[in-house]
Amino acid sequence: MVRQNAVIVKNATKRYGKGELVLDNLNMTVSKSSIYGLLGASGCGKTTLLSCLVGIRHLNDGEISVLNEKQTSKKFIILGPRVGYMPQETSLIGEFSVSDAFYYFGRINGLDNTEIELKQEFFSKLLQLPSSSHLLKNMSGGEKRRVSFAVALIHHPELLILDEPTVGMDSIMRDNIWNYLIKITKEEGITVLITTHYIEETKNADKIGLMRDGKMLTESSPQQLLERFECSLLEEAFIKLCDVQNNAVTLNEAQRSEPESTSSDVLNQDQDQDNNYYTETNEIPVCKTVTERRVSRWKKFKALVIKNGIQVLRNYAGLVFAILFPLLQGGLFFFSIGNNPKDLMIGIVNDEAGNCNYDKNYGYIWGDEITCHFNNLSCRFANNINSSIATQIYYDNVLEAKNDVRKGQITGVMYFGQNFSKALEVRVNDITAADDLDFIDSEIQVFLDMSDHVIGSFMKEKLFKRFIEIYKSIMKDCQLSPKLAYIPIQFEDPLYGTEDLTYADFIVPTYIIILIFFLANTVSTALIISDRLQGLWDRSIVQGVKSEEILLSHIFIQSIIVLIHTTMLYLLYFPIWGLECKGSIFMLIIIVFLNGFCGLMYGFFLSVILNNYTMAFYGSIGSMFPLFALNGGVWPLEGLPIVLRWISYMMPVTLPSASVRAIVYKGSSIFDSDVYVGLLVNCVWILLYLAISIFGIRRLKSL
Ligand SMILES: Nc1ncnc2c1ncn2[C@@H]1O[C@H](COP(=O)(O)OP(=O)(O)OP(=O)(O)O)[C@@H](O)[C@H]1O
């Protein structure tokens with residue numbers, strides 16, 4: 001009798017990177033409509049071989065033919081729905097319910113809803129699956145494996161590749177599974193390739209292959225193996241076979257002059273016998289149920305989008321983060337940045353009027369026709385510094401006050417000399433008559449703690465403004481022009497922005513851009529890495545979904561999240577916080593959205609080039625700080641060394657921040673260079689990240 005072959009592996013060689021050989025010149029033949037049990041110790045290369053068969057790993061050398069499709073180290077083939085693959089890990093996302101898993105795999109394999117529901121009903125009974133709404137993250141290991149097993153079979157594939165499907169299952173369930181596998185091979189012509197550590201369960205297989213250290217020791221029917229080694233258990237036969245191989249290796253070492261005898265000699269004894277039985281053929285009978293089915297791109301895309309949606313919506317902690325984080329950050333921004341420092345204290349040393357009677361003495365001004373007379377005018381200055389600037393604390397001498405500055409109890413000291421009013425009188429009435437001593441005596445000496453630059457500068461500016469106001473009032477009381485209080489320079493109304501713009505106003509465009517970029521980046525990195533590490537990505541690829549389709553579906557769902565973030569940030573900063581946008585709101589939203597999109601693509605890039613959550617986390621956080629420091633939000637770019645300035649211009653958030661600032665404060669339009677350059681930078685980064693991500697995914701497959 002001639003049987004056709006579903007899988008043929010010839011001289012397969014595989015190593016990871018520059019490591020040891022994992023598959024070492026391996027040969028294997030799996031005949032159609034049979035069960036092939038692949039056995040071997042842990043780490044001998046079974047999973048690697050299966051992943052090469054399904055096309056998610058590639059050989060370094062040799063040839064594989066699966067369902068008559070040949071692949072080599074240069075030509076990779078994905079058979080899609082013709083194959084059903086159950087990887088060793090569950091490879092499903094925890095947010096899936098039983099039903100979601102069936103729908104996802106049903107749809108990407110081209111089943112319609114009725115077929116999916118019928119299959120789900122059937123497998124739920126056969127495998128005693130949990131209720132259809134039960135989430136995978138709340139299931140036991142065995143339950144998850146049963147769901148994983150069922151979805152590998154859902155589409156009636158021609159070839160079923162199962163990597164340790166019975167691990168963690170009780171003996172009744174294992175029997176159920178084996179009986180079912182026997183039934184589908186016999187009645188439906190499906191071919192099953194299964195690995196297991198329970199050697200005895202493969203007694204039901206048509207053929208078993210025993211692997212060791214990447215080599216195939218033998219391929220034989222269980223009965224032949226038992227007879228050959230004269231034992232009743234397959235485990236014993238396996239141990240004896242290993243002994244035979246060990247002896248062969250030892251003999252080889254002793255007879256160095258002899259041509260090398262490899263394990264495939266052991267293999268060949270059986271293969272020769274088998275070859276009489278299983279003959280390679282080019283004809284694989286068409287399995288109607290698979291080939292008749294049309295898996296439309298739209299159906300696959302719909303399945304992917306629903307899966308991504310479920311992943312986002314059922315991950316409650318992630319959802320709360322995605323929605324509340326922008327609100328929290330926005331709120332923190334309002335309360336923490338740009339507000340005037342409060343509860344400051346300033347020491348006053350007044351040698352002219354002591355403590356000015358604690359707020360009661362404001363000094364006196366009186367005049368005759370020629371002269372304006374002052375008395376205790378230091379009190380007018382001292383008492384007009386109210387708590388909006390700093391609370392006054394009176395000291396007897398400057399030394400004592402400076403000591404308290406050193407201890408951090410007060411922010412500075414104001415000193416009025418004994419002759420302050422008298423000297424000021426000379427200065428105001430006839431400046432030409434004033435000598436150096438009058439100038440010194442009429443000065444208020446202020447000693448500030450500038451070790452805190454922000455508070456020091458705040459105090460300086462406020463005291464100066466208050467001084468001018470008081471000085472103006474003195475000029476008025478003396479019936480002189482208040483303009484005498486000014487120095488001869490006048491700052492007119494600003495061309496753009498307003499006099500009262502604060503540091504918060506300066507930083508807000510950068511803050512919005514950084515926030516949207518990193519929110520999108522965090523969400524996309526988390527989702528893609530979890531897809532890749534949980535194995536669903538590879539499993540979907542085996543079923544014929546393309547990496548680009550997976551990326552596109554993520555882009556679709558995550559763009560919605562970016563849009564929500566953009567809307568929230570707009571509402572927070574403009575209508576609620578009260579920032580006024582002089583330019584087009586539409587343009588503003590486009591730039592902010594595009595920047596979020598750029599962050600999303602940056603997340604893809606990170607999750608493709610980095611292999612685990614920790615590295616991706618470091619990559620994300622590690623890039624946030626340089627971007628924040630160099631994007632001109634904390635400090636103007638004009639203050640950076642020239643090289644850093646150019647690096648900063650090239651970064652994805654710098655020029656877009658400048659675009660937002662230009663739209664908000666100057667009312668610039670898309671035709672102004674400070675707006676369209678930001679947009680261009682965004683687009684270039686988006687395309688770059690996308691190209692690297694796609695290239696990276698393709699490269700990963702060939703490892
Ligand atoms: N991605 C990888 N990078 C580097 N080495 C790997 C990788 N995957 C597997 N290996 C190595 O290849 C060898 C074979 O691994 P493989 O998973 O194929 O063994 P296995 O027979 O399936 O083991 P088990 O029965 O425990 O699942 C092991 O030594 C393993 O450490």
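Each ligand, and each atom within it, is numbered from 1 in the order the structure gives. Throughout, residue positions are numbered sequentially from 1 according to the sequence presented.
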Report yes or no: do Ser51 and Thr48 form a side-chain donor-acceptor pair below 3.5 Å? no

Are any of the N/O atoms on Cys44, whether in the backbone or the side chain, positioned under 3.5 angstrom from an N/O atom of ligand 1? yes

What atoms in ligand 1 come closer than 4.0 Å to a heavy atom of Glu164? 24 (P), 25 (O), 27 (O)

So which heavy atom in the protein is nearest atom 9 (C) of ligand 1, and how far is it from that ligand atom? Tyr16 CE1, 3.4 Å

For the backbone of Arg107 and the side chain of Lys300, can you confirm whether one donor and one acceptor N or O come within less than 3.5 Å of each other? no

Regarding Glu201 and Thr166, do their side chains bring together a donor and an acceptor under 3.5 Å, going by distance alone? yes

Protein contact of atom 16 (P) of ligand 1 - nearest heavy atom, named by residue and atom, plus distance: Thr48 OG1, 3.6 Å

Could you tell me whether Thr47 approaches ligand 1 through its side chain, its backbone, both or neither, with non-hydrogen atoms closer than 4.0 Å? both

Is there a donor-acceptor pair under 3.5 Å between the side chain of Ser620 and the backbone N or O of Phe617? no

With a 3.5 Å cut-off and no angle check, do the side chains of Gln88 and Thr47 form a donor-acceptor pair? yes

Restricting to heavy atoms, the pick from Leu39, Asp163, Leu38, Val22 nearest atom 12 (O) of ligand 1 would be Val22

Report the part of His197 in contact with ligand 1, treating N, CA, C, O as backbone and CB onward as side chain, heavy atoms under 4.0 Å; options are side chain, backbone, both, neither. side chain

Non-hydrogen side-chain atoms of Pro130 and Met139 separated by less than 4.5 Å: yes

Thinking salt bridges, do Glu63 and Lys10 make one under a 4.0 Å N-O criterion? no

Would you confirm whether Thr191, through its side chain, and Ser33, through its main-chain N or O, come within 3.5 Å as a donor-acceptor pair? yes

By number and element, which atoms of ligand 1 are closer than 4.0 Å to a non-hydrogen atom of Gln88? 24 (P), 27 (O)

Can you list the ligand 1 atoms lying under 4.0 Å from a non-hydrogen atom of Ser42? 23 (O), 24 (P), 25 (O), 26 (O)

Does any N/O atom on Gly43 come nearer than 3.5 Å to any N/O atom on ligand 1? yes

Sub-4.0 Å protein heavy atom near atom 30 (C) of ligand 1: no

Should the proximity of Glu20 to ligand 1, defined as any heavy atom under 4.0 Å, be assigned to the side chain, the backbone, both, or neither? neither

